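Heavy atoms only: backbone and side chains are in, while hydrogens, waters and symmetry mates are out. Just so it is clear, the model here is predicted, and its values are computed rather than measured. Position 1 is the first residue of the sequence; numbering continues from there.
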Amino acid sequence: IVRAPQVFLFDEPLSNLDAKLRVQMRIEIKALHQRVRTTSVYVTHDQIEAMTMADRIVVMRDGNVEQIGAPLELYNAPSNLFVAGFIGSPAMNFVSGRLRRSNGQAWVEAADGTRLPAHAEARSQDGQAVVWGVRPESFAVRGDGGIALRIGVVEPTGAATFVYGEAAGAQICAMFDQQTPVRVGETVRIAPHDRSVRLFDAGTGRTIV
């Protein structure tokens with residue numbers, strides 16, 4: 001880059017590169033930006049590029065702005081189902097159900113009757129149709145209790161183990177420590193970490209909590 005404009009415009013500059021070169025060029029562009037400090041508008045469909053390179057992200061769909069914020073702000077507090085599903089790899093898990101309340105507690109009842117934990121302060125009424133969301137890395141293996149996950153595929157990556165299976169009538173992905181002993185065909189009990197559950201209005205897609 002030899003010019004000195006007020007703004008640089010990038011339109012998916014890494015889309016035709018192989019995986020290794022993409023990572024290398026991503027680092028080079030970010031280092032260059034940190035050195036020249038010129039405002040850059042970077043268009044990408046790759047959410048990993050957006051998360052790792054941006055100071056602020058504008059998530060768009062059909063020409064409309066869905067949410068604007070810092071990468072971790074969008075990751076931790078998505079404003080709706082679209083943003084929650086776009087930010088994060090693997091994507092957030094979603095299960096449709098109805099919010100239930102009793103004795104100061106709240107849970108989501110999935111179509112198959114499974115009870116999924118929810119925040120008692122969720123801004124919704126008993127019986128409301130909702131979508132329950134949890135990121136793969138927010139699950140932990142439980143010895144008892146929790147949600148039954150029947151494992152269909154195991155992907156060991158070295159740093160972590162990705163497990164795909166069925167739970168609460170939906171396809172679920174969970175990320176475990178690389179030392180977690182799991183096998184295809186077995187059923188494990190999993191539970192989300194505290195405060196990691198997100199609820200979305202099933203009709204509007206907007207975040208409830």
Side-chain angles (χ1 to χ4, degrees), residues 19 46-48 51 72 74-78 80-203 205-209:
D46 187 326
Q47 54 88 21
I48 293 296
M51 287 289 291
L72 289 181
L74 271 61
Y75 182 85
N76 293 320
N80 56 42
L81 270 169
F82 179 79
V83 176
F86 179 75
I87 299 293
S89 181
M92 180 180 284
N93 297 290
F94 297 122
V95 180
S96 297
R98 292 192 176 275
L99 185 71
R100 302 298 182 188
R101 294 182 179 278
S102 179
N103 299 322
Q105 296 184 325
W107 66 93
V108 172
E109 185 178 282
D112 67 350
T114 300
R115 286 191 174 191
L116 307 171
H119 306 307
E121 63 271 26
R123 303 183 303 275
S124 52
Q125 301 299 317
D126 180 64
Q128 179 178 346
V130 299
V131 177
W132 181 88
V134 174
R135 296 200 179 279
E137 60 271 26
S138 295
F139 283 115
V141 176
R142 291 278 297 272
D144 53 3
I147 306 162
L149 173 68
R150 180 170 177 78
I151 300 173
V153 175
V154 176
E155 290 184 342
T157 66
T161 298
F162 293 94
V163 174
Y164 299 84
E166 185 174 337
Q171 292 299 309
I172 297 293
C173 173
M175 185 178 76
F176 300 143
D177 182 272
Q178 71 271 27
Q179 302 299 322
T180 304
V182 290
R183 294 186 301 275
V184 172
E186 70 179 0
T187 298
V188 296
R189 311 292 298 193
I190 60 174
H193 298 304
D194 291 341
R195 314 304 300 178
S196 64
V197 173
R198 293 286 173 265
L199 292 183
F200 306 90
D201 185 279
R206 305 298 298 178
T207 299
I208 296 172
V209 64

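Under the side-chain contact (heavy atoms from CB on, under 4.5 Å) rule, L81 has a single partner from D201, V131, T207, which is V131.
Across every non-hydrogen atom of P78 and V83, the tightest pair is CB-CG1, 3.9 Å. The shortest heavy-atom contact between G85 and A91 is O-CB, 3.6 Å. Here the closest non-hydrogen pair linking N93 and Q171 is OD1-O, 4.1 Å. Closest of all the heavy-atom pairs between F139 and P192 is CD2-N, 3.9 Å. When all heavy atoms of L149 and G165 are compared, the closest pair comes out as CD1-C, 3.6 Å. Of all non-hydrogen atoms in V154 and P156, the two that sit nearest each other are O-CD, 3.5 Å.
With sequence neighbours excluded, no residue satisfies side-chain hydrogen bond (donor to acceptor under 3.5 Å, both in side chains) with N76. Partners of Q47 under the side-chain hydrogen bond (donor to acceptor under 3.5 Å, both in side chains) rule, at least two apart in sequence or in another chain, do not exist in this structure.
Listed by first then second residue, pairs satisfying side-chain hydrogen bond (donor to acceptor under 3.5 Å, both in side chains) with a partner in residues 97-117 read D112-T114, not counting sequence neighbours.
Rounded to the nearest 0.5 Å, atoms CD1 (I208) and CD (E121) are 12.5 Å apart. Here CE of M175 is found 10.5 Å from OG of S89. Values are rounded to the nearest 0.5 Å. Distance OG1/T187 to CD1/I147: 13.5 Å, rounded to 0.5 Å.
Side-chain contact between R183 and I151 is absent, with no heavy atoms from C-beta onward closer than 4.5 Å. With a 4.5 Å cut-off on side-chain heavy atoms, V182 and V163 count as touching.
Counting non-hydrogen atoms of neighbouring residues, nucleotides and ligands closer than 6.0 angstrom, the CD atom of Q125 reaches no more than 12 such neighbours.
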side-chain contact (heavy atoms from CB on, under 4.5 Å) between V108 and V95: does it pass, once the steps are laid out?
-> CA-CA 9 Å; V108 172; V95 180; over 6 Å; no
Can you check side-chain contact (heavy atoms from CB on, under 4.5 Å) on V197 and H119, steps first, answer last?
-> CA-CA 8 Å; V197 173; H119 306 307; 4.2 Å; yes
Let me see the working for I172 and V134 under side-chain contact (heavy atoms from CB on, under 4.5 Å), right down to the final yes or no.
-> CA-CA 9 Å; I172 297 293; V134 174; over 6 Å; no
Run the numbers on F86 and L74 for side-chain contact (heavy atoms from CB on, under 4.5 Å), then give the verdict.
-> CA-CA 10 Å; F86 179 75; L74 271 61; over 6 Å; no
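In this structure a side-chain-to-backbone donor-acceptor pair under 3.5 Å is missing from R142 to R189. Side chain of H193 to backbone of A140: no donor-acceptor contact under 3.5 angstrom is found. Panel note: side chain R198, backbone W132; no donor-acceptor pair is recorded below 3.5 Å.
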